[in-house]
Amino acid sequence: MSMETILSVKPLFAVLVSLVAIPGIVSSRSQNIREAWTFGAAAIKLLLVLSMLPLVLDGNVLTFTLVQVLPDIGITFKVDAFGLLFAIVASSLWIVTSIYSIGYMRSLNEHSQTRYFSFFAVAISATIGVAFSANLLTLYLFYEMLSLATFPLVTHHQDKEARSSGRKYLFYILGGSIGLVLPAMMITYHFTGTLDFAAQGVMAGHINSGLALLLTVMFLFGFAKVGIMPMHSWLPAAMVAPTPVSALLHAVAVVKVGAFSVVRVFTGIVGTTLLSDFGINGIVCVLASITIVVASLIALSQDELKRRLAFSTIGQLSYIVLGIALLTKSGMTGGMLHIAMHAFGKITLFFCAGAIFCATGIKYISKMKGIGRRMPITMTAFLIGSLSVVGFPPCGGFISKWYLVLGTVESGNIAFLFVLLGSSFLNAAYFFRFSTMLFSAAKRR
Amino acid sequence: MFENKIDEAPLWCVVPLVITASISVLLFFYPQPFLKLASLAVQTIMGG
């Protein structure tokens, strides 16, 4: 397979298409036209992203430089296999979330729908921008753009709880990126002279072990969207947002941008050789394992459905980090696949939580007994989403967990195998006990 | 608590969750597009 770098404007168009739709969304006089703009932009974005698939599968890389900021750093896009995988997930789920948003926002007669759909469009542009970033500076700019665009979505209800959650959200997300990622990026540039993502990283030969460990930890905690403990508590707080926001942004776009950024920096900046030689990957594996187990245990005790899903997400994101940090082929494949497989399963669960709220106004699990009899389609979908997130066949989650488990075996560290298996049992406990309850009859007095 | 009467959320809410649940199952039987992309990415990073 010959690898070629192809100059193409498609990555730029894929990023811009949802931004171009915003004037249409804002100026629309009717709900139908506004939603048509949203849906149209989502469809064009997906088609643009999919049109790059054959070239990338042939081993090619598409690039485009928008502007040269410094002599050797530009706002540059690069579409490779990993970036395209993430872009396909985000853009395909934007379409279904757009449809869901229409139903949810209309049925609850939510206020400020134009603002909602506009910032949604900015958020998805930023997500694709992160996916197609060719260097750390471009990734950082789109990462921050996503943080700012999602703040009005998190605080959509504009009440005291929403404002408080919004402040927490910004504190963790912007605090992490400005306080940790930005200085780590500058130090990296100072020592290596580049911020471009390279196949084997750029730090090797330029940075000693202590500094490499420090920078890795700064990136890991700084990209707080990935929710490694103790940088996780913004995520349950952000569940105050309308459910479509929780669904796309907190099952797909925001949290997966965190995971994606960590993977990009670990592989493209730090480099797998350096991670392995200095034993940094072992520390990352331990941090990810702690997050997986603790988040799964906390999820067990949550009565509010969206908060249970939020803690589940925190644990599942660390599966991705663990898979990459194992530094085995299967582990890395599993980690990357989990971005896609978890997204489809978890968004289904969020959609179901929102559908239950739309139909009944109920948010708490303890009040949902027997709801499966009233909402059989929704609750069957919930069961399928649960199966996928837990990693049971016949669902996509099984495939990614299969590779993750193989990765732990290949790494020779059986402790991480037990972390994966043990947390899967916990996942099963907090989803299946709940699923059974939903279909059981309520006790008669 | 709930009567046996079927009363789902609006269709605009139900259709997307049916689609994503179906894709979750489909990805078990046909994971190839994502699997190929992930394998390509890993091959680039790890070499070989």
Side-chain angles (χ1 to χ4, degrees), chain A residues 53 56-57 59 80-82 84-85 88-89 93 96-97 99-100 102-104 106-107 199-200 267 272 329 332-333 336-337 340-341 344-345 347-348 351-352 354-356 358-360 367-371 373-378 380-382 384-385 387-388 393-399 442, chain B:
Chain A
L53 184 61
V56 173
L57 283 178
D80 61 5
F82 183 42
L84 192 63
L85 182 153
I88 290 173
V89 173
L93 287 177
V96 279
T97 311
I99 301 169
Y100 185 84
I102 294 167
Y104 185 91
R106 281 190 180 194
S107 69
Q200 272 79 39
T267 57
T272 52
K329 281 191 176 177
M332 283 199 168
T333 306
M336 290 181 187
L337 274 179
M341 303 306 185
F344 285 99
I347 205 167
T348 304
F351 282 166
C352 293
I356 294 168
C358 271
T360 66
K367 294 181 179 170
M368 290 179 187
K369 193 164 189 181
I371 203 170
R373 290 161 181 259
R374 175 170 161 180
M375 304 177 71
I377 299 173
T378 301
T380 304
F382 190 93
I384 292 170
L387 285 170
S388 192
C395 293
F398 173 79
I399 307 287
Chain B
M1 203 173 280
F2 295 100
E3 292 173 17
N4 282 343
K5 194 181 84 177
I6 290 176
D7 186 12
E8 292 278 357
L11 198 62
W12 288 94
C13 287
V14 176
V15 168
L17 62 90
V18 170
I19 293 172
T20 51
S22 306
I23 294 173
S24 286
V25 175
L26 179 73
L27 284 173
F28 176 80
F29 296 102
Y30 186 66
Q32 273 76 4
F34 289 129
L35 194 52
K36 274 184 188 169
L37 287 170
S39 303
L40 257 176
V42 173
Q43 196 180 317
T44 310
I45 294 163
M46 308 282 277

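Chain A is the first sequence line, chain B the second, and so forth, proteins listed ahead of strands; every chain is numbered from 1.
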query: Could you give the distance from CG (A:L84) to CG (B:L37), rounded to the nearest 0.5 Å?
result: 5.5 Å
- line: Ranked by heavy-atom pairs below 4.5 Å to chain B, first place among A:L93, A:D80, A:I99, A:V96 goes to A:I99
field: Taking every non-hydrogen atom, the tightest pair across B:A21 and A:A381
entry: CB-CB, 3.9 Å
- request: Go through A:G397, A:G396, A:A81 and name the one with the most non-hydrogen pairs under 4.5 angstrom from chain B.
  value: A:A81
Residue pair A:P376 / B:E8: nearest heavy atoms and the distance that separates them: N-OE2, 3.0 Å
field: Atom group of B:F29 that falls short of 4.5 Å from chain A, counting heavy atoms
entry: side chain
- request: Against chain B, label A:S388 side chain, backbone, both or neither, depending on which of its atoms sit under 4.5 Å from a heavy atom there.
  value: side chain
- prompt: For A:F398, is it the side chain, the backbone, both or neither that has a heavy atom under 4.5 Å from a heavy atom of chain B?
  reply: side chain
- prompt: Are side-chain heavy atoms of A:K329 and B:S39 found at a separation under 4.5 Å?
  reply: no
query: Roughly how far, to the nearest 0.5 Å, is NZ of B:K36 from CG of A:L53?
result: 9.0 Å
task: Taking the side chain as every heavy atom from C-beta outward, state whether A:T333 and B:L35 have any pair of such atoms under 4.5 Å apart.
output: yes
Interchain contact, A:I356 with chain B, by part (heavy-atom threshold 4.5 Å): neither
query: Hey, are the side chains of B:P31 and A:L337 touching, using non-hydrogen atoms and a 4.5 Å cut-off?
result: no
- request: Tell me, out of A:P394, A:A359, A:G385, who's got the most heavy-atom pairs with chain B below 4.5 Å.
  value: A:P394
- prompt: Of the non-hydrogen atoms in A:A199 and B:T44, which two are nearest, and what is the gap between them?
  reply: CB-O, 3.6 Å
Approximate separation, where rounding is to 0.5 Å, of B:C13 SG and A:I377 CD1: 12.5 Å
- prompt: What closest approach, in Å, do B:L17 and A:A355 show between heavy atoms, and which atom pair accounts for it?
  reply: CD2-CB, 3.9 Å
- prompt: So what's closer than 4.5 Å to chain B heavy atoms on A:L85: side chain, backbone, both or neither?
  reply: both
field: Residue pair B:I45 / A:T272, side-chain heavy-atom distance below 4.5 Å
entry: yes
- prompt: So, for B:F28 and A:I399, which heavy atoms are closest and what is the spacing to 0.1 Å?
  reply: O-CD1, 3.8 Å
statement: Paired with A:F344, the side-chain contact (heavy atoms from CB on, under 4.5 Å) test is passed by just one of B:I23, B:I19, B:V25, namely B:I23
